[in-house]
Amino acid sequence: MPAYDPHAIEAKWQEYWERNRTFCTGDRSSKPKLYVLDMFPYPSGEGLHVGHPEGYSATDMYCRFKRMKGFNVLHPMGYDAFGLPAEQYAIETGTHPRVTTEKNISNIRRQIKRLGFSYDWDREFASTDPEYVHWTQWIFLLLFDTWFDPEYEWIDPEGKKRTGKGRPISELPIPAVVQTDGEETVCRYRDSFRLAYQAESPVNWCAALGTVLADEEVINGRSERGDHPVQRIPLRQWMLRITAYADRLIEDLESLQWPDPIKEMQKNWVGRSQGAEVDFFIETSDTSYEKWTAERKAMGFPGQPGPDTIRIYTTRPDTLFGATYMVLAPEHPLVGKLTTDDQRSEVEKYIKYASNLSEEDRVAGRGEKSGVFTGGYAINPVTGEKIPVWIADYVLISYGTGAIMAVPGHDQRDLEFARTFQLPVRAVVMPTDDWFQRMQDYLERLHEVLVIEVPNKKWPPQDPLGPDNYTQYIELLPEAFIEDGEGMQSANPGVSLNSLPTPLAKEKIVAWLVRSGIGRSAIKYKLRDWLFSRQRYWGEPIPILHALNADGEPSGLIQAVAEDELPVLLPEMEDFKPTGRPGGPLEKAVEWIHVRKEGREFARETNTMPQWAGSCWYYLRFCDPRNRDKAWDPDKEGYWMPVDLYVGGAEHAVLHLLYSRFWHKVLFDRGHVSTMEPFQKLVNQGMILSTTYRTSKGRIVPYSKIDFKEGKAFHVETAEELAGETEKMSKSRGNVIPVDIPVQQYGADTTRLYEMFIGPLESTKPWSMQGVEGISRFLNRAWRMIVDESGDELKLNPAVVRNDAPADEEQLRVLHRTIDAVSRDMESLSFNTAISRLMEFVNYFTAQENRPLTCMESFVLMLSPMAPHIAEELWQVLGHSESIAYAPWPLLDSRYIQESTIEMPVQINGKVRGRITVSADADEKAMEQAALSDPKVKKHLEGHAIRKTIVIPKKMINIVAKPNTN
RNA sequence: GCCGAAGUGGCGGAACUGGCAGACGCACGGGACUCAAAAUCCCGCGCCCCUCGCGGGCAUGAGGGUUCGACCCCCUCCUUCGGCACCA
């Protein structure tokens, strides 16, 4: 039966690898190490579709290639198994999430194993394993035990001087005032510095469902399930102080081999900006403005703003003279104080309205600015002018200081707001000529559609827009000038920014603000601290105990669960239904919660960790997955880290990668890991698309209802021809192709090869069942090139056996050119072109009567990383008894890729008109001569005068010629 | 709206650093083998023109530019996909 039988071969070799533990990796070796990692998959109940194994196929091919090149390769697999779906399923059916999870894991493990990936299965684990939960909790406690010292100076492994480091909380200096206040105050003081801390933060509370919802479960302020109203209510939460590491998260990106767009996205997410904080005096204060300014001048800028000032953050302190009003976030603490009795009901109404909008809904109303005047005023510290204070939802309490100075002349949002509520607009930066020109062009284009009501002004301006009429028309322009320009209308007795370019103006005004005790330069980040607690059952319990006072109420004092009491495992529960309280399902486990220790009463923390926790450090556990005493052995970590190649989807570009990097840096600061960054090289595989079929009425038809024939699709019932469109795979589109389908039909090798053959790893590409067929044909051809299909027993094709003579020159040239190209393609993860090269090889050698054994062996070696099962089988047919997995990669003999003669195209005026063949060592002169004597070239040059000849050795010759005029 | 990526035959794609556009595969057409079909093998296959040849022209989203020479670099525009969402 020597026809290619993928199923028999694949079962045989998968069994062989497993029995011989072929891919289990030792932790020490004289070979260079290589750590190749796939992103931690979530074991969903749906199983894998053809898109999932794309990245796994790529890393597997790379690992197998590198093993043959002599590397000691770590290539593990595991499961990120906590998460919402299993819990949701438990609520609906009563099935314990652990049961669902285990079932899903074994299904996915089966699917992965069938593809024959060379994972070290001895290292497999799931984030839900108690031993893993143990060390996840241990890391949480490390975060709890760490504070960030922004002043600490140290030298990084590259010898660079750095400032700011995470240190043990025991090293936190305690101010004398705190010390004297007693033990309890010291505790609270420490708690306020920890990287893991508690704070109030709003959650999506759905009273009807009796539970807290994730953002994605809320649509337009209502629950996705059941369409019930959702409220935002504050809740005590655990936060992680990722903002302390903001600068290092940006700086350290530089050393990484990551795609630039991903680095860019991370930078933008952290969103560092340089600006200034400025205090504005509130008019309704008890003191007078004069007294306030005098005090400030004497005392300087205080760390906290005090009750009579609004502190704002701005990136454009140079526009301070143009601040004509202020806006506070509705949640800002000073709103109550500023609001006058007249305005109170309006303001309260607005606050209520804004508080029930999720951030997403706030954005939905963008464009139309909403807000309310508080009735209160503040004083602009540079002009001394009284300016109104408003509240509006476009100012976010979570960013900066939750308050802004509004400069409608030079900020688009402020301009729109000012126009809506008819607030004054003042020009304080003179735009560039270039901008005037652009604005003028824009006005001319908009001329007919733009209708702006203008009292006392003719609109649009008669004269072209420019410095002379800018001030006059500023509030009518469709866009504010927000770029750098020159200061204007910006002077008071103490300081003038007039005619100063923006960067200098910023410096000058900040210096003045500092002198006056009114402001200081400041850096802000968009990045916010990481909300780390979830009101869920199926997650790692947060290992914290809350001390209870005599009444059994939490005293506010907390302590970590002792290290030797970890892990804190989830209590067994049967009913996962919501409690009806925001606290989450663990509140039901009364016995589990109650802890008595050394005669004192404690309640366990009932919040659990988010799904991110498990995927934040799994790459470290893979270095030493069975360690019972430690999260990992430092020697093993030192040997394997960092991850040399990390492959996964771009959807994790920001959050997962940022969170992991943050944990890694804390672990580094506390001396637990040897590298500052976890993932040296990152590659994002592109999405695999599928075809969605719809009827002429636009109804989606699932694959089970489609009859494919003659390259077209017909509805099984109506026989209507269906139109196909390439789209993302999703359940709702009915176009999901489970990976079992191609594996069953064509085998694992064909499936893996096709995953890579469709196109470059990083691009989005459509799956085509017909394309899979082509790959299957290729493997069959390769098989027949080497195996004799005629008899009953497995033996070499006579064309291979017969040949005792060495390969001829041409065969060697084909072979070595293939080795050269495939080796380079494998190194750069260009598997699509590597496969093409192997196809060309097969096409060539299939036509050869004599197929030298050495050539066939090299071919099988090159095929083996990509299609390992068939390669093992062919390797055996070729007479080897050992697995091919560690056989050395074929060596390139560069003599065979050098040509003795070269064919070069000859261009005349950039068009190919002939070809010449010259010897490889011919000089430019000789090439030119050869070109000029070529009959076709001669013919084309008739009646032309040669003006110039460009000779690029080995590439081409271009003759520039002009027709003779005479 | 902003940020990012990408537009090449009927389709997926290839083309290394600015040097022969369309490798390889799919689909399609023709032929061989066969009683027949499948499988397999061979040939053809960007578009257009013609005096049908070893001919010519046009072609890498559109328009322009740089260059002896542009899929590749620059400018403007169009389209598609992905991400983000008023960040002061």
Side-chain angles (χ1 to χ4, degrees), chain A residues 3 259-262 264-265 268-269 271 273 275 312-316 319 327 359-360 362-367 369 392-396 398-407 410-414 416-417 482 524-528 650-651 653-654 684 686-687 689 710-711 726-728 754 757-760 762-775 777-778 780-781 784 789 821 824-825 828 830 832-840 842-843 846-847 903-912 914-915 935-936 947-952 954-961:
Chain A
D260 286 334
I262 302 287
E264 197 63 34
M265 281 161 83
N268 293 342
W269 191 265
S273 72
I312 62 99
Y313 172 71
T314 177
T315 53
R316 290 298 298 269
T319 61
V327 187
E359 254 175 57
E360 233 163 281
R362 278 196 183 190
V363 171
R366 181 173 39 112
K369 291 275 175 286
D393 63 358
Y394 82 94
V395 175
L396 307 175
S398 53
Y399 182 75
T401 58
I404 61 157
M405 63 172 193
V407 184
H410 303 286
D411 182 282
Q412 189 62 24
R413 291 154 307 177
D414 295 345
E416 282 162 22
F417 191 84
I482 57 170
K524 299 278 176 200
Y525 303 91
K526 283 197 265 184
L527 183 69
R528 298 177 205 168
E651 66 272 21
V654 178
N684 291 119
M687 214 184 333
L689 305 174
E710 292 153 21
T726 307
E727 291 174 8
K728 211 162 160 170
Y754 181 66
F757 186 68
I758 335 175
E762 276 141 300
S763 49
T764 306
K765 41 206 178 287
W767 183 274
S768 142
M769 272 300 179
Q770 279 172 335
V772 186
E773 182 89 39
I775 290 291
R777 284 207 276 263
F778 160 64
N780 273 289
R781 278 164 66 82
R784 287 194 304 267
E789 273 203 308
R824 274 186 286 125
D825 288 344
S828 63
S830 310
N832 55 331
T833 47
I835 296 165
S836 298
R837 297 299 190 161
L838 293 179
M839 287 174 167
E840 286 178 279
V842 170
N843 290 345
T846 302
E903 195 190 68
M904 286 169 65
V906 181
Q907 295 185 339
I908 294 167
N909 295 333
K911 287 206 168 107
V912 180
R915 273 157 212 294
K936 282 169 83 179
R947 300 177 57 111
K948 196 170 172 186
T949 307
I950 295 114
V951 180
I952 312 293
K954 296 180 189 184
K955 293 280 186 192
M956 69 184 324
I957 296 162
N958 191 9
I959 299 165
V960 186

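Within every chain, numbering begins at 1; the chains are lettered A, B, ... in the order of the sequence lines, protein sequences first and strands thereafter.
Between atom NZ of residue K948(A) and atom CG of residue N958(A) there is a gap of 9.5 Å, rounded to the nearest 0.5 Å. Rounding to the nearest 0.5 Å gives a distance of 10.0 Å between NZ of K728(A) and OG1 of T764(A). Rounded to the nearest 0.5 Å, atoms CE (M769(A)) and OH (Y754(A)) are 9.0 Å apart. Distance CG/D411(A) to CD1/I482(A): 7.5 Å, rounded to 0.5 Å. To the nearest 0.5 Å, atom OH of residue Y394(A) and atom CD1 of residue I404(A) are 4.0 Å apart. The structure places CG of D825(A) at 6.5 Å from CZ of R837(A), a figure rounded to the nearest 0.5 Å.
Between the CD1 atom of I404(A) and the P atom of rC87(B) there is a distance of 10 Å, rounded to whole Å. The nearest whole Å value for the distance from the CD1 atom in I775(A) to the C1' atom in rC24(B) is 9 Å. Atoms CD1 (I908(A)) and C1' (rG69(B)) sit 14 Å apart, rounded to a whole Å. Taking atom CG of residue D393(A) and atom P of nucleotide rC87(B), one finds them 13 Å apart after rounding to whole Å. In this structure, L396(A) places its CG atom 6 Å from P of rC86(B), rounding to the nearest Å. We find that NZ of K948(A) is positioned 5 Å from P of rC68(B), with the value rounded to whole Å. Taking atom CE on M769(A) and atom P on rC26(B), their separation rounds to 16 Å, with Å as the unit. Rounded to an integer number of Å, the gap from Y394(A) OH to rC86(B) P is 13 Å.
Across all their heavy atoms, T401(A) and Y313(A) have their closest contact at OG1-N, 3.5 Å. The minimum heavy-atom distance linking N684(A) with P259(A) is given by the pair OD1-CG, 4.0 Å. A406(A) and V327(A) get closest at one heavy-atom pair: CB-CG2, 4.4 Å.
Mapped onto RNA chain B by nearest heavy atom, G400(A) and W269(A) fall at different nucleotides, with W269(A) at the one closer to the 5' end. When the nearest nucleotides of RNA chain B are assigned to M839(A) and L527(A) by heavy-atom distance, the more 5′-ward of the two goes with M839(A).
Within the 4.0 angstrom heavy-atom criterion, only backbone atoms of the sugar-phosphate kind lie near S273(A); the bases stay farther away. Among the atoms of the strands shown, none is found under 4.0 Å from any heavy atom of S768(A). Using a 4.0 Å heavy-atom cutoff across all strands shown, G774(A) reaches sugar-phosphate atoms only and no base atom.
Going from the C1' atom of rU17(B) to that of rG69(B) covers 15 Å, rounded to whole Å. Rounded to a whole angstrom, the distance from the C1' atom of rA21(B) to that of rC16(B) is 15 Å. Rounded to whole Å, the separation between the P atoms of rG10(B) and rA6(B) comes to 23 Å. rA59(B) and rU51(B): their P atoms are spaced 23 Å apart (whole Å). With both ends at atom C1', the span from rG65(B) to rA70(B) equals 11 Å, rounded to whole Å. Separating the P atom of rC41(B) from that of rC26(B) is a span of 10 Å, rounded to the nearest Å. Spacing between rG46(B) and rC11(B) at atom P, rounded to whole Å, works out to 14 Å. Taking atom C1' in both rG61(B) and rG9(B), the straight-line distance is 15 Å, to the nearest Å.
Pair assignment for rA38(B) gives none, since no Watson-Crick or G-U wobble pairing has each distance under 3.5 Å. The partner of rC33(B) is absent, by the rule that a Watson-Crick or G-U pair needs both atom distances under 3.5 Å. Here rC24(B) sits opposite rG12(B) as a Watson-Crick or G-U wobble pair (both hydrogen-bonding atom distances under 3.5 Å). Pairing of rU66(B), defined by two Watson-Crick or G-U wobble distances under 3.5 Å, is not identified with any nucleotide. rG7(B) is paired with rC78(B) under the criterion used here, namely a Watson-Crick or G-U wobble arrangement in which both key atom distances are under 3.5 Å. Searching all strands for a Watson-Crick or G-U wobble partner of rC50(B) with both distances below 3.5 Å returns nothing. Nucleotide rC2(B) is matched to rG83(B) when pairs are restricted to Watson-Crick or G-U wobble geometry with both distances under 3.5 angstrom.
When distances run from any side-chain atom of R528(A) to the nucleotides rC24(B), rC87(B), rC86(B), the shortest one goes to rC87(B). Listed nucleotides rC87(B), rA88(B), rG82(B) differ in distance to M687(A); the shortest reach to its side chain belongs to rG82(B).
For the pair T314(A) and M405(A), the minimum side-chain heavy-atom distance is below 4.5 Å. Residues S830(A) and N832(A) have side chains in contact (heavy-atom distance under 4.5 Å, counting atoms from C-beta outward).
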Please enumerate all protein N or O atoms sitting under 3.5 Å from an N or O of nucleotides 41-43 of chain B, with distances to 0.1 Å.
from	atom 1	to	atom 2	distance (Å)
rC41(B)	OP1	R781(A)	NH1	2.5

Sub-3.5 Å pairs of nitrogen or oxygen atoms, protein against nucleotides 12-21 of chain B:
from	atom 1	to	atom 2	distance (Å)
rG12(B)	O2'	I758(A)	O	2.7
rA14(B)	OP1	N832(A)	ND2	3.1
rC20(B)	O2	R915(A)	NH1	2.6
rC20(B)	O2	R915(A)	NH2	2.9
rC20(B)	N3	R915(A)	NH1	3.4

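Taking 4.0 angstrom as the limit, Y313(A) places none of its side-chain polar atoms (N or O) nearer than this to OP1 or OP2 of rA88(B).
Formation of a donor-acceptor pair under 3.5 Å by the S768(A) side chain with backbone atoms of G771(A) is found in this model.
With a glycosidic angle no more than 90° from 0, rG9(B) adopts the syn conformation.
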